[in-house]
2 protein chains.
Amino acid sequence: MSMNERKLKILQAIIRDFVDTAEPVGSRTLSKKFDLGVSPATIRNEMSDLEDMGFLTHPHTSAGRVPSEKAYRLYVNELMNKKDLTDDQKNAIAHELYDNVTELDQTIEHAAHILSKITNLTAFAMTPNEELETIKFIQFLPVDENTVVLMIVSENGKVQNNAVRVSFEYDDEMLRILSKSMTFDYKGKTISEALTGDIITSFKSDIEAMNGLTSSLMPNFMKTLEKMLDANLYMDGLTNIFNIPEYNDLDRAKMFMELINKKEDFKKKLISRDDGMIITIGTENQDEDMNDVSLITATYRVDGKLVGKLGVIGPTRMRYDNVTSVIDFITDNLSKTFKLTGGDGQDDDEPDDKY
Amino acid sequence: MSMNERKLKILQAIIRDFVDTAEPVGSRTLSKKFDLGVSPATIRNEMSDLEDMGFLTHPHTSAGRVPSEKAYRLYVNELMNKKDLTDDQKNAIAHELYDNVTELDQTIEHAAHILSKITNLTAFAMTPNEELETIKFIQFLPVDENTVVLMIVSENGKVQNNAVRVSFEYDDEMLRILSKSMTFDYKGKTISEALTGDIITSFKSDIEAMNGLTSSLMPNFMKTLEKMLDANLYMDGLTNIFNIPEYNDLDRAKMFMELINKKEDFKKKLISRDDGMIITIGTENQDEDMNDVSLITATYRVDGKLVGKLGVIGPTRMRYDNVTSVIDFITDNLSKTFKLTGGDGQDDDEPDDKY
DNA sequence: GTTAGCACTCGGGATAAAAGAGTGCTAACA
DNA sequence: TGTTAGCACTCTTTTATCCCGAGTGCTAAC
């Protein structure tokens with residue numbers, strides 16, 4: 001008993017049918033719906049073999065067959081052919097992606113929206129991880145006698161700020177010195193480097209003179225760096241799960257909702273995934289709470305350097321071919337768009353596929 | 001047939017029981033659980049009267065009675081007695097509210113978290129509406145030859161910024177002039193005033209000289225003001241609804257999820273509500289999609305001036321007494337905390353109930 | 001190796017009966 | 001006259017039973 005052309009064809013047909021209908025598929029239905037050139041009995045024999053090989057399972061003796069995770073894996077790796085989107089679809093996506101939008105964050109939010117709309121799944125998109133972003137300058141600005149605004153600007157024009165309460169009596173000159181000295185120290189360093197903190201402080205004597213001030217500012221500086229590092233995660237189509245037969249069960253629907261509503265946890269899961277298009281099916285997911293869903297993530301690039309992620313989460317029974325095609329198109333499109341602009345998305349150059 | 005003491009007592013008992021059990025309550029159960037001093041038969045007669053008066057309904061002839069919206073309204077207005085929280089509860093709340101937190105936004109987020117945790121409902125909290133916030137200064141900072149960072153700082157130390165792409169060739173001096181002139185024009189104005197835009201520009205000649213620069217900066221200035229105005233809405237306990245028997249029905253659960261996942265719409269609904277503790281029960285809610293939930297909102301004050309909102313959304317069958325007590329405590333606590341600090345929450349003075 | 005035929009399996013839907021909770025009415029009681 | 005016990009009646013919920021249909025697996029013939 002070994003894999004052959006016919007078995008593959010039958011397996012493919014079973015997966016296609018099951019993905020469409022969510023019903024276990026039997027030999028007779030299969031032979032009627034697909035032109036396989038053999039009788040139901042033959043299909044039955046092959047199905048039995050496929051089951052022995054671990055590609056199919058049986059909810060109960062008198063039911064049809066259901067593809068196993070192993071089958072989906074085979075399908076994703078070998079059987080599925082990604083289809084190119086039609087020009088209409090491409091235009092619609094590009095249009096919605098950039099419609100009335102000038103900022104990266106908003107574009108990413110739109111990406112999640114579109115992706116969920118097209119796939120009817122729960123989609124997400126994350127702004128770039130700024131680990132490799134370099135600091136351009138640091139500035140402290142006076143607000144009132146006990147408030148200072150701390151501002152960090154990155155090479156890409158990303159800004160993060162924080163209003164800091166200080167008890168130390170300061171004057172504008174101190175802030176200017178501090179701004180200058182810290183910019184000198186940190187300019188060109190990545191945010192990660194800045195956070196690890198082994199940066200040698202120059203202008204020591206200047207700084208020490210206002211020790212009280214720096215001691216209240218430094219913790220906030222670190223906090224602001226962390227905020228800068230933090231990626232935004234946008235999700236859309238959270239209630240799509242209710243339309244999926246597998247989740248007609250309240251407990252499962254609840255579990256799913258809890259999973260995707262823990263946004264911080266989910267973000268961590270996404271960040272820890274490898275770059276490129278990654279598909280994890282059911283128990284292939286490390287986390288137990290994702291053992292009955294499939295997660296697809298892909299990366300887009302900003303300036304060919306920083307990476308953001310987007311993708312979908314849904315039942316293992318999903319149209320992997322369609323979904324991956326759409327994700328491919330969107331990530332390509334985003335990467336092209338953010339190639340020239342340095343990350344704020346306010347691009348005067350049209351991306352290749354825009355309109 | 002008119003309302004009397006005994007009817008009220010019975011109605012109250014019915015509401016208490018139904019809120020606890022979610023089951024229609026019958027005369028016998030009622031007389032067993034509550035010491036009403038009369039027999040089930042008498043209770044039956046009174047219940048029948050209460051039904052005629054519109055306070056009770058009947059799912060079907062042979063079922064117990066269920067309180068109507070009118071009953072809840074009466075309960076909320078007259079029958080319910082807010083209980084003070086125990087000191088333990090108060091401490092627990094205050095502790096969680098300020099634990100390791102220095103920023104207003106985070107405190108507000110914690111407030112939503114706590115509120116949902118205690119009430120087992122979906123809770124939300126919104127940062128203050130900044131309409132009345134006044135501008136302190138405006139600053140443009142150079143990033144590179146075609147990027148300028150625009151920063152607006154409010155009197156309270158709130159900061160909003162935006163990286164703007166400019167095609168006009170500028171130098172640092174221009175930005176300094178522009179910053180100065182705009183600060184002169186806008187300082188002391190509220191954000192709303194700034195947005196309506198009938199502010200007379202001084203330094204006309206200076207500005208006109210760099211028309212190309214200002215024309216690309218002004219739209220972004222407005223956009224940044226709008227961003228500053230926009231309140232953040234935090235929600236927590238979104239999946240609590242699954243634990244509520246009324247929502248053991250997938251369609252209802254889905255409707256609820258859709259309602260609270262449209263965050264922008266929900267924010268608008270919250271903003272449009274009056275100040276103070278507002279309870280709207282079922283069809284008292286204007287929106288049709290909230291006709292079978294109750295919404296409770298309350299306001300907290302920052303500096304006695306700005307107001308933020310928080311509250312819960314859940315089934316009309318909820319423990320109005322407990323929920324309102326907790327909300328009362330949290331809003332009072334927040335208002336006290338933000339009285340002295342000017343809104344960033346980094347307060348050295350302990351609020352009354354802290355720890 | 002493929003296919004037709006057939007007995008067998010099992011879940012799901014339909015139907016019926018029984019159980020249970022509660023009402024509403026009547027008549028007796030204080 | 002208000003209160004209460006008693007009881008028939010109502011209606012949902014639960015349980016049991018049956019039957020149908022889709023599908024399998026095996027056997028024997030092609």
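Please read these numbers as outputs of a predicted model, since none were measured by experiment. Order of the sequence lines fixes the chain letters, A, B, ..., with proteins taken first and strands second; residue numbering starts at 1 for each chain.
- B/Asp52 places its CG atom 12 Å from the C1' atom of C/dG24, with the value rounded to the nearest Å.
- Stacking of A/Lys70 on the aromatic ring of A/Phe55 is recorded, both the 6.0 Å distance cut-off and the 45° axial limit being met.
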Walk me through whether B/Thr297 and B/Arg273 qualify under side-chain contact (heavy atoms from CB on, under 4.5 Å). CA-CA 8 Å; B/Thr297 53; B/Arg273 285 167 79 87; 2.8 Å; yes

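- We find that NE2 of B/His60 is positioned 12 Å from P of C/dG24, with the value rounded to whole Å.
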Give every pair of a protein N or O atom and an N or O atom of nucleotides 4-8 of chain D that lie under 3.5 Å apart, one pair per line with the distance.
| from | atom 1 | to | atom 2 | distance (Å) |
| --- | --- | --- | --- | --- |
| D/dT4 | OP2 | B/Ser39 | N | 3.0 |
| D/dT4 | OP2 | B/Ser39 | OG | 3.3 |
| D/dT4 | OP2 | B/Thr42 | OG1 | 2.4 |
| D/dT4 | O5' | B/Ser39 | OG | 3.3 |
| D/dG6 | O6 | B/Arg44 | NH2 | 3.2 |

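- Rounded to whole angstrom, the span from the CG atom of A/Leu50 across to the C1' atom of D/dT24 amounts to 15 Å.
- OP1 or OP2 of D/dC9 has not a single side-chain nitrogen or oxygen of B/Ser62 nearer than 4.0 Å.
- Considering only heavy atoms from C-beta on, B/Ile313 comes within 4.5 Å of B/Phe256 through its side chain.
- Between B/Glu51 atom CD and C/dG24 atom C1' the separation is 12 Å, expressed in whole Å.
- The base-pairing partner of D/dC9, taking Watson-Crick or G-U wobble contacts with both distances under 3.5 Å, is C/dG22.
- For A/Gly64 and B/Glu46, each mapped to the nucleotide of DNA chain D holding its nearest heavy atom, the one lying further toward the 5' end belongs to B/Glu46.
- Going from atom NZ of A/Lys33 over to atom P of D/dG23 covers 10 Å, rounded to whole Å.
- B/Thr61 has no side-chain polar atom (N or O) that falls below the 4.0 Å cut-off from OP1 or OP2 of C/dG22.
- When each of B/Ser39, B/Ser27, B/Ser31 is checked for a side-chain hydrogen bond (donor to acceptor under 3.5 Å, both in side chains) with B/Arg44, only B/Ser27 meets the rule.
- Between the C1' atom of C/dT23 and the CE atom of B/Met47 lies a distance of 10 Å, rounded to the nearest Å.
- Between A/Tyr72 and A/Tyr320, the distance separating the two ring centers is shorter than 6.0 angstrom.
- For the pair A/Thr29 and D/dG23, the criterion of a side-chain N or O lying under 4.0 Å from OP1 or OP2 is met.
- Across all strands shown, C/dT2 forms a Watson-Crick or G-U wobble pair with D/dA29, both key distances being under 3.5 Å.
- Atom CG of B/Asp35 sits in a sparse spot, with 12 or fewer heavy atoms from other residues, nucleotides or ligands closer than 6.0 Å.
- Taking 4.0 angstrom as the limit, B/Arg65 places none of its side-chain polar atoms (N or O) nearer than this to OP1 or OP2 of C/dA21.
- Between A/Phe124 and A/Tyr234, the ring center distance fails the sub-6.0 Å criterion.
- Between the CG atom of B/Leu30 and the P atom of C/dA21 there is a distance of 16 Å, rounded to whole Å.
- Note: CG (B/Asp49) to C1' (C/dT23) measures 14 Å, nearest angstrom.
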